[in-house]
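Note sheet for the following structure.
Order of the sequence lines sets the chain letters (A, B, ...), proteins ahead of strands, with each chain counted from 1.
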2 protein chains.
Amino acid sequence: MNKNVTALPKTPVPKTSMPNTSVPKTARGAATRARIVDAATELVRARGAANTTIDAVIEASKASKSQVYHYFADKDELVLAVIQRQAECVLGTHEGLLRKLNSLSGLRRWRDAVVALTHQTNCAGGCPLGSLAAELSETPRTRAALAESFARWAGHFEAAFARMQSRAGITSAGDLKELSEAMLASLQGGLLLAQTLRSTRPLELALDMAIDHVAARLGL
Amino acid sequence: MNKNVTALPKTPVPKTSMPNTSVPKTARGAATRARIVDAATELVRARGAANTTIDAVIEASKASKSQVYHYFADKDELVLAVIQRQAECVLGTHEGLLRKLNSLSGLRRWRDAVVALTHQTNCAGGCPLGSLAAELSETPRTRAALAESFARWAGHFEAAFARMQSRAGITSAGDLKELSEAMLASLQGGLLLAQTLRSTRPLELALDMAIDHVAARLGL
DNA sequence: CAGAAACTGGACTATTTAGTCCAATTACTT
DNA sequence: AAGTAATTGGACTAAATAGTCCAGTTTCTG
């Protein structure tokens, strides 16, 4: 996609200066753009980015081709918007679950919620962000967006661990950032295995292991 | 792919009875088939299954279209062969590393080897099997093949843990199968984060956590 | 209200892609 | 060596796909 090999471009302006992409300037335009991104996000979640065609997005969003290319320079830009949309959604959910968390039992309730959510979908789909990461981590721009999302996700864990720590009156145990990365890795690995093995067990085992690890490092 | 909607098929024989796929019957044919699978495996590893075209496989393997369709009914069958080939490769490597492992320090050396291997490739690509799992776990046949591969991988861990246990003279501690699934989840999650964040740190943290967990459960 | 700007519909193009087909070649069997 | 089976080359097709283009419509702004 986007293979423009034409010689002698009129003006070799850097990509950032004059994108042929429009930011919506009216409420109607914003709604159209949102409809497109929402439809694309759902399709990408179900079939992956490479297997999602612009035509399918058009059909699902009831938009027209010119609308898609009015708001997005090319498919890559749409995919980037999908990543951001999906990150918003996943991080929103987890931030909601983690926001008030300040104890080991709260962490265990979070674990139960994640397992229940996974069970509800028969372990299908895995983590929407994790799947995107596996597919799009070799492309610089998408990789960067996903890396930032994972970092923010880890930040939510870190904040929760800090609350657990201060509530228990502990000054400083292990490195909280390291703990949060290990937790996120367990979650991602557990979800991937759950998806492939169609069982929540690996997810449960991975999360329980990570929780034990957090408890030990935090001295709880 | 493979959307045959023609009415009135000559004989509605079940797929398993008369595949239009040939098993190579000569050494030359076997070599051709192997060349095709090898080339396809490399391309799929680098770009994913959906982004690998038959034409690219043909070019890389120096085969012709009729050769590909002589040995594989369609692209899906080729992808299935790629999964098996990749599983062979990954499991072969890890079985080699795990075969004689019978101590905690051996497990730590395995960890160091995995981290070093990941570092060597700048964390690019992630786990070849994990990436395939993320992409192909929603398709029954490919999911089954990947699930079986993961199960065998976990089996190698389990066997190593059993050797560690018996060598230390411990009768029975935790469920070794559970330990091996947690270890595999840590490995997969760690590799995914390493790939996206372009750092071996999450991998190191996830594996160290899992090793501590194994040591604790095995009473070592 | 009038002109400008934003937005929309959808036909059209150029490529790419999976898959078919058959004639030609090479290997195996007796 | 002849005949049969396996293998190979590559042209061809039909469908899918990303992206272009422009004329028409709606919304905004002075």
Length of the line joining [X]:[atom1] and [N]:[atom2], which is rounded to integer Å:
| X | N | atom1 | atom2 | answer |
| --- | --- | --- | --- | --- |
| A:Tyr69 | D:dC22 | OH | C1' | 17 Å |
| A:Glu59 | C:dG10 | CD | C1' | 15 Å |
| A:Leu78 | D:dT17 | CG | P | 15 Å |
| B:Asp74 | C:dG19 | CG | C1' | 9 Å |
| A:Lys75 | C:dT15 | NZ | C1' | 15 Å |
| A:His70 | D:dC22 | NE2 | C1' | 14 Å |
| B:Ile54 | C:dT17 | CD1 | C1' | 9 Å |
| A:Asn51 | D:dA16 | CG | P | 14 Å |

State whether [X] places a side-chain N or O below 4.0 Å from either non-bridging phosphate oxygen (OP1 or OP2) of [N].
| X | N | result |
| --- | --- | --- |
| B:Tyr71 | D:dT8 | yes |
| A:Gln67 | C:dT8 | yes |
| B:Ser66 | C:dC21 | no |

Does a side chain donor of either B:Thr196 or A:Ser137 reach within less than 3.5 Å of an acceptor in the other side chain?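 Present: a donor and an acceptor within the cut-off.
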Ion pair check, A:Arg201 and A:Glu204, cut-off under 4.0 Å: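 A salt bridge is absent here (no side-chain N lies under 4.0 Å from a carboxylate O).
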Tell me whether B:Asp76 is salt-bridged to B:Arg141, with the criterion being a basic N under 4.0 Å from an acidic carboxylate O.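 So B:Asp76 does not pair with B:Arg141 through a salt bridge.
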Nearest-nucleotide wise, let me know which of B:Lys25 and A:Thr26 is further upstream toward the 5' end of DNA chain C.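 Closer to the 5' end of DNA chain C: A:Thr26.
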Contact nearer the 5' end of DNA chain C, comparing A:Pro24 with A:Lys65: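 The residue closer to the strand's 5' end, by nearest nucleotide, is A:Pro24.
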Of B:Arg198, B:Arg47, B:Arg45, which is the lone residue that meets salt bridge (Lys or Arg N to Asp or Glu O under 4.0 Å) with A:Glu138?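 Answer to the salt bridge (Lys or Arg N to Asp or Glu O under 4.0 Å) test with A:Glu138 among B:Arg198, B:Arg47, B:Arg45: B:Arg198.
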Please classify the nucleic acid contact of B:Thr53 as base, sugar-phosphate, or nothing, using heavy-atom distances under 4.0 Å.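 The residue B:Thr53 makes sugar-phosphate contact but no base contact.
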Is there a side-chain contact between A:Ser64 and A:Tyr69 (heavy atoms, below 4.5 Å)?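 A side-chain contact is absent here, since even the closest heavy-atom pair is not under 4.5 Å.
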